[in-house]
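Below is one structure, written out as structure tokens; the observations come after it.
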Amino acid sequence: MSFMIVDLHCHSNYSDGALSPLSLLDLASQASVNMLALTDHDTVAGLDTLHQAARDKQLGIVVVNGVELSVRWKKHDIHVLGLHIDYTDATFLKVIKKQQDSRQCRALMIAKKLKTIGVDDAFAKACAIAGHEQIGRLHFAELLVKEGVTTDIQNGFKRFLGRGKCAFVPTLWIDLAEAVNVIKKAGGDAVIAHPLKYGLTRTKLAELIGAFKQAEGSGLEVISGQMNEAQISETAGLCERFQLLASTGSDFHRVDTAYRGIGGQRQLPINCKPIWQQWAF
Ligand code: AMP
Ligand code: MN
Ligand code: MN
Ligand code: MN
């Protein structure tokens with residue numbers, strides 16, 4: 001296929017997205033998406049439902065098994081996508097379980113911190129917002145808005161939940177090499193998500209990508225949601241320099257945010273090698 005609309009990064013309500021896998025599929029179909037990966041944070045729980053919906057609806061969308069792993073590299077929290085994985089792989093599921101335990105632990109500690117600023121029962125309330133066990137900071141941000149502590153989600157991160165803020169709790173995520181390894185063992189490709197969103201200097205970012213390449217990571221998310229041409233040419237340049245494959249994704253969480261819709265990204269630059277071209281389905 002010469003022209004494809006591909007979205008290899010989005011979230012469902014199995015992590016911190018607002019929509020069910022079924023609704024995501026409907027949206028993707030409306031946007032004429034040809035290939036869609038569901039990449040929930042540290043969980044693959046939505047993938048069975050997504051496959052079932054794809055079978056029921058017969059929309060002609062190729063569904064890719066994905067995950068977005070929270071990863072530690074030096075002192076930085078980095079997101080690594082696992083794409084085209086066998087999500088039943090035992091070692092992979094063990095790592096996912098460890099990540100989920102870390103999330104639960106962190107959530108309890110965030111709740112404790114929020115109590116000191118007058119938000120009671122934050123853990124139970126955030127779990128209720130999440131609607132499942134896969135709890136994240138976005139659920140706490142939603143809670144802070146709901147309780148009138150802050151005006152919007154962005155502000156919730158800026159004032160309370162972001163790194164260094166009063167309700168921030170460092171998390172024991174797996175390290176970069178371990179994440180790449182477990183994704184590879186599960187037959188997938190590891191991709192650094194949204195490389196420009198970590199606030200790293202150019203030197204540090206190159207160092208990160210070098211370490212990722214050394215660990216045998218496969219790709220870089222050259223386009224993540226809304227990026228301008230200068231940003232895209234920067235990530236495409238890094239991709240070429242480190243001889244990585246290129247990925248693209250909306251990082252869609254919900255309708256009505258700063259994110260573009262599913263599949264709404266620009267096309268990958270011509271010099272990029274699309275990661276999906278090596279996949280068999
Ligand atoms: P977690 O994986 O639980 O640490 O939460 C990270 C998630 O929170 C990201 O994937 C985004 O969905 C959301 N997030 C992080 N920073 C912000 C921000 N400044 N504004 C809005 N959402 C954010
Ligand atoms: Mn998220
Ligand atoms: Mn991310
Ligand atoms: Mn994401």
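All heavy atoms count here, side chains included; hydrogens, waters and symmetry mates do not. Start at 1 and go down the list; that is how both ligands and their atoms are numbered. Numbers for residues simply follow the sequence, beginning at 1.
- Annotation: H84 is in aromatic contact with F281 [ring centroid separation under 6.0 Å].
- A heavy-atom separation below 4.0 Å is not found between E68 and ligand 1.
- Each protein N, O or S atom less than 2.8 Å from the Mn ion (ligand 3) was counted, giving 3.
- Atom-to-atom distance recorded for I262:CD1 and I5:CD1 is 12.0 Å, nearest 0.5 angstrom.
- Taking only nitrogen or oxygen atoms, main chain and side chain alike, S70 does not reach within less than 3.5 Å of ligand 1.
- D16 has its closest N, O or S atom to the Mn ion (ligand 2) at the position named OD2.
- With values rounded to the nearest 0.5 angstrom, L69 atom CG is found 10.5 Å from T43 atom OG1.
- The hydrophobic cluster containing L172 does not contain V182, counting ILVMFWY residues as joined when their side-chain heavy atoms lie under 4.5 angstrom apart, directly or transitively.
- In the vicinity of R106, heavy-atom distances shorter than 4.0 Å reach the ligand 1 atoms 1 (P), 3 (O), 4 (O).
- Put simply, NE2 on H253 and CG on L24 are 11.0 Å apart, with the number rounded to the nearest 0.5 Å.
- Hydrophobic clustering of Ile, Leu, Val, Met, Phe, Trp and Tyr side chains at less than 4.5 Å, counting indirect connections, keeps L22 apart from L19.
- Not a single heavy atom of K158 lies less than 4.0 angstrom from ligand 1.
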